[in-house]
Amino acid sequence: MSLSLYNTLTRRKEAFAPLDPERVRMYVCGPTVYDFAHIGNARPVIVFDTLFRLMRHIYGADKVVYARNITDVDDKINARAAERYPDLAPEAGVRKLTDETAAQFQSDISALGVLPPTVEPRATEHISEMVRLCDALVSRNHAYVAADHVLFDVSSMADYGKLSNRSLEEMEAGARVEVAAYKRGPMDFVLWKPSKPGEPGWPSPSGIKVAGRPGWHIECSAMAARYLGTVFDIHGGGIDLVFPHHENEIAQSRCGHGTDVMARVWMHNGFLQVEGEKMSKSLGNFITINELLASERFGQQRWHGRVLRLAMLGTHYRQPIDWTVDRLVQARTALLDFADLAHGVKASSDPHPEFLAALSDDLNTPSAMSIIHGLAKSARRNTESAELLKSSLRFLGVYDNQSRDEFAVGGAVRAVDSAKVEALVSARLAARKRRDFKESDRLRDELAAMGVQLKDAKDPRTGDIVTTWELQP
Ligand code: AMP
Ligand code: ZN
């Protein structure tokens, strides 16, 4: 099966061929752990988990190495740790905060059906690799030490700006930030900086006597090289990371290792906004994964993690996505139907070939979903379709043999007795059959009062009316 992926670096869709099919390597920038992850952060996690699943299928489950880091050194982390654990020493406070936040992240995303990556390195456990990379960059004349910082000299790299498609001149012209006096050029960026009193610090690269800490970009360059080698297959993250983060990762890795690429394919997911607006704390529409799973803040109900995942995969990963209550209701309705059709069914050994072909075309999940909807249409009458439906849903990570009731989390839903609902639904169908419309309307009203909405459809083959039901949001 041929996989094609859109490459930000070349700005086109390309046939993907791993450098080594025995060891297909992907790096994705992970979270900075100081607070709950928001639903925008869930997008790259879900998207690249889906690609991970697809590559494991194509190349073999033990042939794919997926590294997703945890950034546990950062200004926001230091500030939050000092605020939350004022009585602990800075290192201990930071470790406690980052341990707790990382554990929360793992638990939130596992509810989204996300597989653990092959390795999940923490920045603070790879400081020595970062220091070595700083030293290598200085000795190769791509970086310099000034005022206890190590800075990357962007003028030393001929094609700096290639990923974000901007020339150094353009960037310099657009640079509005006040430029620190110790920088040689306005776009030079920090590889290492001195730690302030009360912040965690480590022995610095050569030529710096005070303790310091790494900049954000160098973390990913060092951890990617440690686990995937100096040149690897795929590097991913959200579109906001193209510049400066990924541009700078490329500069450090290529200049530090003397290679002409860092990753061969660069993939970026589009941004998520909420009900038509950019998500932000000040607008009050900032929503965490955990709130969606565990509280009734969004749409006055809790949402099942697989509903969130299905809602996320309904849009192609490169498009922007609008996160709305309506989208979640639709995803849940679809999953309730799927659960009806697939619960307890034996899954086929492979998903539908057209479904796999859709995913292999730059992870076209909307097209994969339309294959799934087609299978669902025939699954009631056709066992083979039901089995393919189940394995395709499983493959996407949106369904794992849950019963319909499990997806129906949320306000009214918890109270409903589904056996009673089923009995009333059949009684209503029987009443309709004998043309007792008064009784069938009465039963419909009784169900509506329980919060149950009915959907009647004609089976095209038999002409019979088939009724499905769902709980109103
Ligand atoms: P951060 O913790 O901000 O570095 O973000 C972690 C990951 O989430 C990065 O890959 C970001 O690009 C991604 N991300 C952050 N906000 C959004 C958003 N609103 N939509 C999609 N991806 C996002
Ligand atoms: Zn990164």
Side-chain angles (χ1 to χ4, degrees), residues 8 26-51 66-77 80 98 101-102 104-105 108-109 112 114 117 119-123 126 129-130 133 163-164 189 191 214-228 232 234-253 262-263 266-281 283 285-289 292 308-309 311-313 315-324 327:
T8 308
M26 171 164 80
Y27 186 93
V28 174
C29 300
T32 304
V33 284
Y34 66 99
D35 206 343
F36 287 98
H38 59 66
I39 188 63
N41 299 137
R43 194 170 190 196
V45 174
I46 292 173
V47 163
F48 292 103
D49 176 67
T50 308
L51 179 58
Y66 173 22
R68 189 186 62 217
N69 71 293
I70 289 178
T71 294
D72 60 352
V73 40
D74 170 85
D75 287 335
K76 290 186 283 263
I77 293 176
R80 182 66 57 89
T98 56
T101 314
Q104 181 67 55
F105 175 73
D108 288 345
I109 64 166
L112 306 177
V114 171
V119 276
E120 200 157 29
R122 288 176 73 119
H126 298 84
E129 288 94 324
M130 297 171 204
L133 187 52
L163 181 74
S164 51
F189 59 89
L191 303 179
W216 173 34
H217 318 307
I218 197 90
E219 294 176 16
C220 287
S221 284
M223 289 186 276
R226 162 76 173 73
Y227 291 99
L228 306 180
F232 54 94
I234 298 173
H235 192 312
I239 189 84
D240 57 318
L241 300 187
V242 172
F243 187 86
H245 184 54
H246 288 168
E247 195 74 73
N248 292 352
E249 279 190 39
I250 291 175
Q252 297 158 160
S253 295
M262 176 188 184
W266 287 79
M267 294 177 67
H268 294 97
N269 64 270
F271 241 47
L272 174 147
Q273 55 172 17
V274 175
E275 302 282 2
E277 292 193 275
K278 184 176 154 74
M279 183 166 51
S280 82
K281 291 217 162 116
L283 286 175
N285 65 353
F286 186 93
I287 175 114
T288 66
I289 305 170
L292 288 163
L308 304 179
R309 183 178 178 111
M312 195 70 88
L313 294 176
T315 296
H316 187 260
Y317 77 94
R318 283 197 281 126
Q319 300 298 321
I321 188 170
D322 194 18
W323 194 257
T324 60
R327 171 185 283 271

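Everything numeric here is computed off the predicted structure, so don't read it as measured data. We count ligands from 1, going down the list as the structure has it; atoms in each ligand are counted the same way.
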Side chain Arg43, main chain Gly270, donor-acceptor under 3.5 Å: yes
Check: Arg68 side chain, Glu120 main-chain N or O, donor-acceptor pair, under 3.5 Å: no
Residue Gly238 vicinity, atoms of ligand 1 by number, heavy atom under 4.0 Å: 10 (O), 12 (O)
Test log, rule side-chain hydrogen bond (donor to acceptor under 3.5 Å, both in side chains), inputs Arg122 and Thr71: CA-CA 6 Å; Arg122 288 176 73 119; Thr71 294; over 6 Å; no
Interfacing atoms of ligand 1 (cut-off 4.0 Å, heavy-atom, His38): 15 (C), 16 (N), 17 (C)
Val274, Thr71, Leu272: member with heavy atom nearest to atom 20 (N) of ligand 1: Leu272
Distance from atom 1 (P) of ligand 1 to nearest protein heavy atom, with residue and atom: Asn41 ND2, 4.1 Å
Asn269: numbered ligand 1 atoms lying under 4.0 Å from its heavy atoms: 21 (C), 22 (N)
Interatomic distance, Gln273 atom CD to Trp323 atom CH2 [nearest 0.5 angstrom]: 13.0 Å
Short N-O contact, Arg80 and Asp35, less than 4.0 angstrom: yes
Step-by-step side-chain hydrogen bond (donor to acceptor under 3.5 Å, both in side chains) determination, Asn248 to Gln252: CA-CA 6 Å; Asn248 292 352; Gln252 297 158 160; over 6 Å; no
Distance (rounded to the nearest 0.5 Å) between Met267 CE and Tyr317 OH: 3.5 Å
Thr98 OG1 to Ile70 CD1 distance, which is reported to the nearest 0.5 Å: 8.5 Å
Value rounded to 0.5 Å, distance of CG in Leu313 from CG in Asp49: 9.0 Å
Taking atom 22 (N) of ligand 1 as the reference point, the nearest protein heavy atom with its distance: Gly40 O, 3.1 Å
Atom indices of ligand 1, in the order listed, that fall short of 4.0 Å to a heavy atom of Gly270: 21 (C)
Test item: side-chain donor near acceptor, His217 and His246, under 3.5 Å: no
Option with minimal heavy-atom separation from atom 4 (O) of ligand 1, where the choices are Val45, Asp35, Asp240, Thr32: Thr32
Point-to-point distance, once rounded to the nearest 0.5 Å, from CH2 of Trp266 to OH of Tyr27: 9.5 Å
Shell of protein N/O/S atoms around the Zn ion (ligand 2), taken as anything under 2.8 Å: Cys29 SG, Cys220 SG, His245 NE2, Glu249 OE2
Shortest protein heavy-atom distance from atom 13 (C) of ligand 1, along with the residue and atom involved: Pro44 CG, 3.7 Å
Interfacing atoms of ligand 1 (cut-off 4.0 Å, heavy-atom, Leu241): 9 (C), 10 (O), 12 (O)
